[in-house]
There are 2 protein chains.
Amino acid sequence: MLVTETNEALPGGSSLLRNEPVQARSSARLTGLLDAAAAIIDEIGFERLTTAMVAERAGASIGTVYRYFPDRIAVVEALAARCVGRLMERIDGVIVESGSQEWHDAVDFAIDAQVDMYRTEPGFRAIRFGDAEVADSTSGETEGRRPFAEQMSALLAVRYPVERSADLDFALDVAIEMGSAILARAFQASPEGDSRFIEECRSVVTGYLAGA
Amino acid sequence: MLVTETNEALPGGSSLLRNEPVQARSSARLTGLLDAAAAIIDEIGFERLTTAMVAERAGASIGTVYRYFPDRIAVVEALAARCVGRLMERIDGVIVESGSQEWHDAVDFAIDAQVDMYRTEPGFRAIRFGDAEVADSTSGETEGRRPFAEQMSALLAVRYPVERSADLDFALDVAIEMGSAILARAFQASPEGDSRFIEECRSVVTGYLAGA
DNA sequence: GGTGACCGAGCGGAACTCGATCATCGCTGT
DNA sequence: ACAGCGATGATCGAGTTCCGCTCGGTCACC
């Protein structure tokens with residue numbers, strides 16, 4: 001496993017939180033707050049989410065929200081981070097389980113996992129990777145996509161033909177950008193994900209990474 | 001010209017506005033408000049933009065802002081719409097001027113125009129096409145990219161080899177999605193636009209549209 | 001008893017409203 | 001022609017409401 005979680009609820013490091021939860025009930029609270037935020041975002045969108053809504057839905061008070069998160073934006077950033085973490089766990093899990101050494105399997109699994117997340121993970125759709133980018137237009141996207149790009153890089157590095165691996169990181173950047181955009185389009189077209197776009201995503205990304 | 005503007009300032013239809021300006025001074029006001037919004041967004045980002053700032057910068061009062069825009073978000077949506085309108089005008093202008101009948105010229109011009117907009121058009125960078133999508137996560141992107149896709153469709157339809165034109169609209173959807181994402185990445189990496197990503201954008205989009 | 005966790009009234013500021021005021025336009029009668 | 005005059009467009013800005021966030025006090029766990 002490349003991804004290690006010190007706590008089920010907390011995303012990554014993480015400097016997004018004011019106070020790390022130490023008692024059991026409080027990490028449940030954190031999880032609950034993020035769940036509430038995810039549900040609200042799915043229903044009315046990030047822009048209309050208020051901290052009071054999050055508190056009420058999680059059965060907490062406003063003060064509790066601000067005990068964990070420095071501000072409103074940090075809530076959605078933490079949610080995004082949790083999403084990315086879960087996505088990476090999935091991809092990692094599936095690929096080691098399969099035992100495949102083919103790089104294009106890793107690509108396929110990554111796309112499968114994202115499709116699955118779009119369908120089942122609350123908030124993923126609205127947040128994609130970096131609609132937290134919405135929040136802070138400077139960092140958000142980088143924060144979200146960087147770790148993902150690095151994980152894919154690590155996964156592909158050992159599987160990719162050596163002669164082309166010089167530009168692997170750049171190619172991955174481009175591929176992830178393309179793939180995410182097409183997938184987003186697929187789920188913008190329909191809630192279950194337009195299969196035409198999804199298939200096109202597979203072929204485009206695989207084709208590009210294969211070197212045209 | 002495919003694009004017709006009834007008024008220099010107003011973007012498209014447009015149902016984004018509460019009141020259409022009818023007198024001359026008031027469309028100047030509208031233009032001024034959008035200019036102010038663009039400048040502010042460039043300086044401090046969409047999130048930190050306040051309606052009071054827009055009003056002050058445009059030399060208007062808050063009430064005037066709300067005479068034209070239903071809410072804060074609509075301001076940036078209108079700005080996005082104006083950006084898209086200007087982009088389309090440019091592409092259209094350059095391509096008829098060139099007289100080219102090659103579809104890949106249309107693609108090149110479209111990419112050139114976007115690069116130019118990123119570099120010179122206030123607010124374009126922050127707004128891309130659909131960081132208004134940021135605003136209203138449901139419609140924003142659709143509102144922005146739809147007219148663009150349709151214009152490109154119209155441009156390419158007469159230039160594209162007939163045998164493949166059946167899926168032209170779908171292919172264009174995908175191509176625009178890919179291209180926009182890669183371009184955005186180029187200008188996220190550096191303010192002048194990372195030329196490596198820009199070149200990759202050209203080759204990927206042209207390659208894809210050529211049918212691989 | 002000491003520290004972690006939680007609450008919610010309250011503060012500051014930003015989004016948005018509304019009725020009063022001013023500018024422009026089109027008409028109409030001389 | 002054009003001066004006057006309603007009607008409608010356009011502007012203003014104090015005021016209201018709502019939301020993000022703080023802080024001191026209370027409760028729960030070790």
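Basis for what follows: all heavy atoms, side chains included, without hydrogens, waters or symmetry-related copies. Quick note on labels: first sequence line is chain A, next is B, and so on, each numbered from 1. Computed from a predicted model, the values in this text were never measured in an experiment.
For the pair B/Arg18 and B/Asp71, the salt-bridge criterion is not met [side-chain N within less than 4.0 Å of a carboxylate O]. The pair B/Asp42-B/Arg125 fails the salt-bridge criterion, with no side-chain N (NZ, NE, NH1 or NH2) lying under 4.0 Å from an Asp/Glu carboxylate O. Of the charged side-chain nitrogens involved, none lies within less than 4.0 Å of a carboxylate oxygen, so that A/Arg29 and A/Asp35 do not count as a salt-bridged pair. Remark: A/Arg196 does not engage B/Asp173 in a salt bridge, criterion side-chain N to carboxylate O under 4.0 Å. A salt bridge does not link B/Glu89 to B/Arg86: none of the charged nitrogens lies less than 4.0 Å from a carboxylate oxygen.
Put simply, the side chain of A/Ile95 reaches to within 4.5 Å of the side chain of A/Arg159, judged on heavy atoms.
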Quiz prompt | Contact letters for nucleotides 10-26 of chain D, in which S counts primed atoms plus P, OP1 and OP2 and B counts the base, heavy atoms under 4.0 Å | solution = BBBB------SBB----

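In this structure, B/Glu56 atom CD and C/dA14 atom C1' are separated by 14 Å, rounded to whole Å.
Ring centroids of B/Phe187 and B/Phe197 are separated by 6.0 Å or more, keeping the two rings apart.
Ring geometry for A/Tyr118 against A/Phe124 counts as perpendicular: the plane angle is over 60°, on a 0 to 90° scale with 30° as the lower cut.
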Self-check item: Nucleotide-level pairing of DNA chain C, given in dot-bracket where Watson-Crick and G-U pairs need both distances under 3.5 Å and | marks other strands
Solution: ||||||||||||||||||||||||||||||

